[in-house]
Amino acid sequence: MQPFFEIRIVDAPTRIVITLVGELDFPARVQATPSFALLAIAGRDLTFDVTFVTFMDAAGLRLLQSVRRQVLAGGGTVGARGIQPPVRRVLELTGTDVQFPLRMLHALPGA
């Protein structure tokens with residue numbers, strides 16, 4: 001049985017919020033890549049909501065970093081909200097926690 005993973009995307013005028021739910025690993029990366037490819041993210045402000053991520057490994061981190069590079073290349077900003085212990089541990093162990101600053105957001109439609 002494949003672990004549960006879901007993506008929710010709110011593409012608001014001022015910010016894209018990508019909510020990830022479940023296990024952020026290699027199968028999730030394969031599943032998420034086409035969805036992210038369809039977004040016009042270069043130069044947009046983006047927040048990853050990882051409140052409901054129960055596990056993250058190196059493949060999940062590479063996915064986040066890939067999206068981050070695209071956003072930053074166009075002059076946008078990237079942040080994260082809802083960082084729980086499984087995600088925090090990976091970010092801290094790899095020294096990438098500074099790449100995903102914690103954001104507090106006002107409610108967006110559908111978020």
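For this chain, numbers begin at 1 and follow the sequence in order. Because only heavy atoms are used, hydrogens play no part in the values below, and waters and symmetry mates are left out as well, while side chains stay in.
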Student: Quick one, Asp45 and Thr14 - any side-chain contact, counting heavy atoms below 4.5 Å?
Tutor: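 Result no, sub-4.5 Å side-chain heavy-atom pair not found.
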Student: Within the 4.5 Å heavy-atom criterion, are Val53 and Glu23 side-chain neighbours or not?
Tutor: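 No, too far: nothing below the 4.5 Å cut-off.
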Student: Under 4.5 Å between side-chain heavy atoms, hopping through other hydrophobics if needed: is there a path connecting Phe4 to Phe55?
Tutor: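 No, Phe4 and Phe55 fall in different hydrophobic clusters.
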Student: In terms of hydrophobic clustering (I, L, V, M, F, W, Y; side-chain heavy atoms under 4.5 Å; direct or indirect links), are Ile7 and Phe100 co-clustered?
Tutor: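 Yes, same cluster.
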Student: To the nearest 0.5 Å, what is the distance between CZ (Arg62) and CE (Met56)?
Tutor: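 Going from the CZ atom of Arg62 to the CE atom of Met56 covers 11.0 Å.
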Student: At what distance, to the nearest 0.5 angstrom, does CG of Asp97 lie from CD1 of Ile83?
Tutor: 8.0 Å
Student: For Gln99, what residues pass the side-chain contact (heavy atoms from CB on, under 4.5 Å) criterion, not counting sequence neighbours?
Tutor: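 Result, side-chain contact (heavy atoms from CB on, under 4.5 Å) vs Gln99: Gln65, Arg68, Thr96.
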Student: Checking side-chain polar atoms at under 3.5 Å, does Arg81 have a donor or acceptor matched by the opposite partner on Thr51?
Tutor: no
Student: Just jot down the side chain to side chain donor-acceptor pair (under 3.5 Å) partners of Arg44, sequence neighbours excluded, or say none.
Tutor: Asp11
Student: What I'd like to find out is whether the side chain of Asp49 reaches to under 4.5 Å of the side chain of Arg8, using heavy atoms alone.
Tutor: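 No, side chains not in contact.
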Student: Do Glu6 and Leu20 have side chains that get closer than 4.5 Å, going by heavy atoms?
Tutor: no
Student: Compare every heavy atom of Val30 with every heavy atom of Pro34, then report the nearest pair and how far apart it is.
Tutor: CD-O, 3.2 Å
Student: Would a hydrophobic clustering, with Ile, Leu, Val, Met, Phe, Trp and Tyr connected at side-chain separations under 4.5 Å, put Phe36 with Val71?
Tutor: yes
Student: Between the side chain of Thr94 and the main-chain N/O of Leu91, is any donor-acceptor distance below 3.5 Å?
Tutor: yes
Student: Which pair of heavy atoms, one from Ala32 and one from Phe5, lies closest together, and at what distance?
Tutor: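 Looks like CB-CE2, 4.2 Å.
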Student: Could you go step by step and tell me if Leu39 and Ile18 meet the side-chain contact (heavy atoms from CB on, under 4.5 Å) rule?
Tutor: CA-CA 11 Å; Leu39 285 174; Ile18 298 174; 4.0 Å; yes
Student: In Å, rounded to the nearest 0.5 Å, how long is the span from OG of Ser66 to CD1 of Ile41?
Tutor: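 The CD1 atom of Ile41 is 7.5 Å from OG of Ser66, to the nearest 0.5 Å.
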Student: Where do Asp57 and Asp25 come nearest, in terms of heavy atoms and distance?
Tutor: OD1-CA, 3.2 Å
Student: Where do Ile16 and Ala40 come nearest, in terms of heavy atoms and distance?
Tutor: CD1-O, 4.1 Å
Student: Under a single-linkage definition using a 4.5 Å side-chain heavy-atom cutoff for Ile, Leu, Val, Met, Phe, Trp and Tyr, are Phe26 and Val21 assigned to the same hydrophobic cluster?
Tutor: no
Student: Does some side-chain heavy atom of Phe48 sit less than 4.5 Å from a side-chain heavy atom of Val78?
Tutor: yes
Student: Has Thr33 got a side-chain atom pairing as donor or acceptor with Arg29's backbone, closer than 3.5 angstrom?
Tutor: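 At least one qualifying donor-acceptor pair exists.
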